[in-house]
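Remarks on the structure that follows.
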Amino acid sequence: MNNLKFGVVGAAGRGSGFFTAITCNSRARLEALCDLNEESLATTAAGVGVTKTYTDYEQMLDQSGIDVVIIGTPMPLHTSMALQALERGIHVMSEVPACVSVEEARQLVAAVKASSAQYMMAENYTYMRPNVLVAAIAKAGLFGDTYFAEGEYLHELKELNEVTKWRRKWQTGINGNTYPTHSLGPVLQWMGERVVSVMCTGTGHHYRDPRGDQYEQEDSTTMLCRTERGGLIQIRLDMLSNRPHNMTYYSLQGTTGCYEAPRGLGDEQKIWLQDRCEGNDWMPLEDLAEEFLPEEWLRPSEEQLQAGHGGGDYLEVQDFVRAVLDGTPLPMGIHEAMDLTLTGLLSQQSIAQGSVWLDVPDTREW
Ligand SMILES: NC(=O)c1ccc[n+]([C@@H]2O[C@H](COP(=O)([O-])OP(=O)(O)OC[C@H]3O[C@@H](n4cnc5c(N)ncnc54)[C@H](O)[C@@H]3O)[C@@H](O)[C@H]2O)c1
């Protein structure tokens with residue numbers, strides 16, 4: 001196989017965000033699109049010149065001849081759609097999170113094991129330039145022994161809840177961390193370990209939806225995660241509080257260095273490394289780009305830049321294409337996807353049980 005034929009489901013929503021990364025990749029082809037919304041699907045397909053369109057997902061899987069499906073539908077559909085593709089030997093790249101229950105996690109892990117096809121979770125925040133740079137510096141050992149990190153996803157979406165109604169149930173209709181992967185994904189890559197236990201607590205409720213109902217999710221929740229080597233990660237999720245967005249706040253602390261993402265108003269990406277900084281003064285993270293950033297980020301190709309987000313979207317699809325065609329390892333395969341997704345799911349059980357600490361299963365043992 002020289003060229004991978006991609007199908008996208010949820011093509012009139014988030015799925016469309018993958019189009020350019022596919023069409024820019026010389027080893028990929030955008031073959032078929034599926035969405036329940038017929039009108040938007042027709043407009044979207046015409047815009048990218050795709051003629052194979054479907055409103056029925058199984059028809060796309062069975063009739064279009066695709067090798068790969070990108071699942072960009074609402075959260076509760078990710079697992080069932082992945083299972084349908086995997087049992088047909090069609091490779092899956094799924095939007096986040098991978099599943100919405102521990103039972104679904106078990107089904108998905110079993111299906112990936114049984115299938116000849118590959119599975120990747122499209123955790124795109126791990127493909128952001130500063131996050132890739134911090135990962136490279138961490139891998140080179142300049143932070144020393146890492147033992148503390150933070151991630152925050154602050155995205156007020158009370159109005160969006162009413163437009164994309166599935167969010168009102170699956171993101172703000174459940175207490176605990178319902179959207180953990182963007183915060184936890186980069187941080188776990190930096191620390192190079194998984195979460196073994198989690199505890200979640202919240203701030204209580206200060207807002208109501210347009211029907212006057214209280215959101216089941218507390219306005220701000222914090223989950224504390226204990227890592228394999230005894231480190232601590234603090235993840236804040238807030239989809240309800242009135243405030244400016246900040247979906248990309250992170251920090252990392254090690255014995256010989258630390259990093260902090262910007263929080264707004266002129267703040268910068270900054271790093272302190274014992275071996276590189278004068279005294280206790282920060283340096284701009286970007287000063288280390290030339291030395292540590294992988295070549296494909298430093299000198300992105302034309303096609304990479306066309307795909308957007310500084311090339312991250314292109315590289316995410318490229319990692320998947322290479323895994324399928326060349327057998328290279330997937331940075332976000334089923335177990336890495338589960339490390340992130342299950343921590344969030346267990347945080348929901350923790351807060352429901354009065355903020356107790358709960359073990360996070362390691363799916364490599366399933
Ligand atoms: N990684 C990111 O940065 C990022 C950003 C936004 C959304 N997301 C994720 O993407 C997913 C979709 O989010 P969204 O904001 O696009 O939602 P959305 O509701 O705007 O779009 C979902 C699309 O899926 C279609 N759809 C629903 N059920 C379908 C079915 N059975 N068959 C075919 N099509 C169907 C809908 O018609 C719609 O066009 C969610 O899981 C969300 O978590 C990720």
Side-chain angles (χ1 to χ4, degrees), residues 7-21 32-45 47 50 52-64 66 69-85 92-101 104 108 120-128 131 151 153-174 177-186 217 237 239 245-248 307-310 312-313 315-317 320 332 337 340-341 344-345:
V8 178
V9 63
R14 167 73 188 153
S16 64
F18 294 88
F19 292 173
T20 323
L33 302 180
C34 174
D35 201 286
L36 285 182
N37 186 331
E38 218 168 337
E39 208 177 307
S40 302
L41 175 64
T43 317
T44 306
V50 172
K52 292 183 184 173
T53 58
Y54 303 84
T55 49
D56 183 298
Y57 177 59
E58 284 195 86
Q59 269 183 21
M60 176 171 81
L61 295 181
D62 291 332
Q63 296 172 13
S64 65
I66 55 173
V69 67
I70 294 190
I71 299 172
T73 48
M75 285 165 52
L77 297 176
H78 295 176
T79 296
S80 58
M81 287 187 157
L83 296 185
Q84 285 170 304
V92 171
M93 188 161 165
S94 168
E95 253 308 337
V96 301
C99 58
V100 293
S101 69
E104 276 194 352
L108 189 54
M120 172 169 167
M121 186 172 75
E123 210 321 287
N124 50 329
Y125 283 41
T126 60
Y127 287 86
M128 288 178 172
N131 293 344
Y153 188 86
L154 313 179
H155 181 196
E156 190 277 313
L157 46 69
K158 292 194 286 296
E159 269 182 38
L160 188 61
N161 255 319
E162 303 303 317
V163 187
T164 51
K165 295 190 187 304
W166 61 268
R167 281 193 166 82
R168 179 64 189 88
K169 178 167 179 188
W170 296 98
Q171 292 194 335
T172 58
I174 299 171
N177 195 315
T178 52
Y179 203 59
T181 74
H182 295 330
S183 304
L184 203 48
Q217 185 171 90
L237 174 70
M239 295 178 156
H245 296 174
N246 189 352
M247 283 106 101
T248 53
H309 290 124
D313 294 356
L315 294 172
E316 183 179 41
V317 168
F320 194 58
M332 193 55 68
L340 310 183
T341 303
L345 290 172

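Start at 1 and go down the list; that is how both ligands and their atoms are numbered.
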(request) Can you pull out the closest protein heavy atom to atom 14 (P) of ligand 1? Residue, atom name and distance to 0.1 Å, please. (result)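 Of the protein heavy atoms, Arg14 CB, 3.9 Å lies nearest.
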(message) Considering non-hydrogen atoms of the protein only, which is the closest contact for atom 23 (C) of ligand 1, and what is the distance?
(response)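 Going atom by atom, the protein heavy atom closest to atom 23 (C) of ligand 1 ends up being Asp35 OD2, 3.7 Å.
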(message) So, regarding Val9 and ligand 1 (criterion: nitrogen or oxygen to nitrogen or oxygen, under 3.5 Å), is there a contact or not?
(response)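 N/O-N/O distance under 3.5 Å: no.
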(request) Compute the shortest N/O to N/O distance between His78 and ligand 1 and return yes if it is under 3.5 Å, no if not. (result)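 There is such a contact, yes.
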(request) Evaluate whether atom CD of Glu38 has more than 12 neighbouring non-hydrogen atoms of other residues, nucleotides or ligands under 6.0 angstrom away. (result)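 It does not: Glu38 CD has 12 such atoms or fewer within range.
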(request) Flag yes if more than 12 heavy atoms outside Lys169 fall under 6.0 Å of its NZ atom; otherwise flag no. (result)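 Atom NZ in Lys169 is not packed in, count stays at 12 or less.
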What part of [X], side chain from CB on, backbone N/CA/C/O, both or neither, has a heavy atom under 4.0 Å from ligand 1?
X      : value
Met81  : side chain
Thr55  : neither
Val163 : neither
Asn124 : side chain
Met121 : neither

(request) May I ask which of Cys34, Gly72, Ala11, Ser94 has a heavy atom nearer to atom 12 (C) of ligand 1 than the others do? (result)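 Going through Cys34, Gly72, Ala11, Ser94 one by one, Gly72 has the nearest heavy atom to atom 12 (C) of ligand 1.
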(request) Pick whichever of Met247, Glu95, Glu123 has a heavy atom sitting closest to atom 44 (C) of ligand 1. (result)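 Nearest heavy atom to atom 44 (C) of ligand 1 lies in Glu95.
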(message) I'd like to check which ligand 1 atoms, numbered from 1 as shown, lie under 4.0 Å from a non-hydrogen atom of Pro74.
(response)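 Within the 4.0 Å cut-off of Pro74, ligand 1 contributes 22 (C), 24 (O), 27 (C), 41 (O).
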(message) I'd like to know whether Arg167 forms a side-chain contact (heavy atoms from CB on, under 4.5 Å) with Thr172, so could you lay out the CA-CA distance, the side-chain angles of the two residues, the decisive distance to 0.1 Å, and finally the verdict.
(response) CA-CA 6 Å; Arg167 281 193 166 82; Thr172 58; 5.7 Å; no
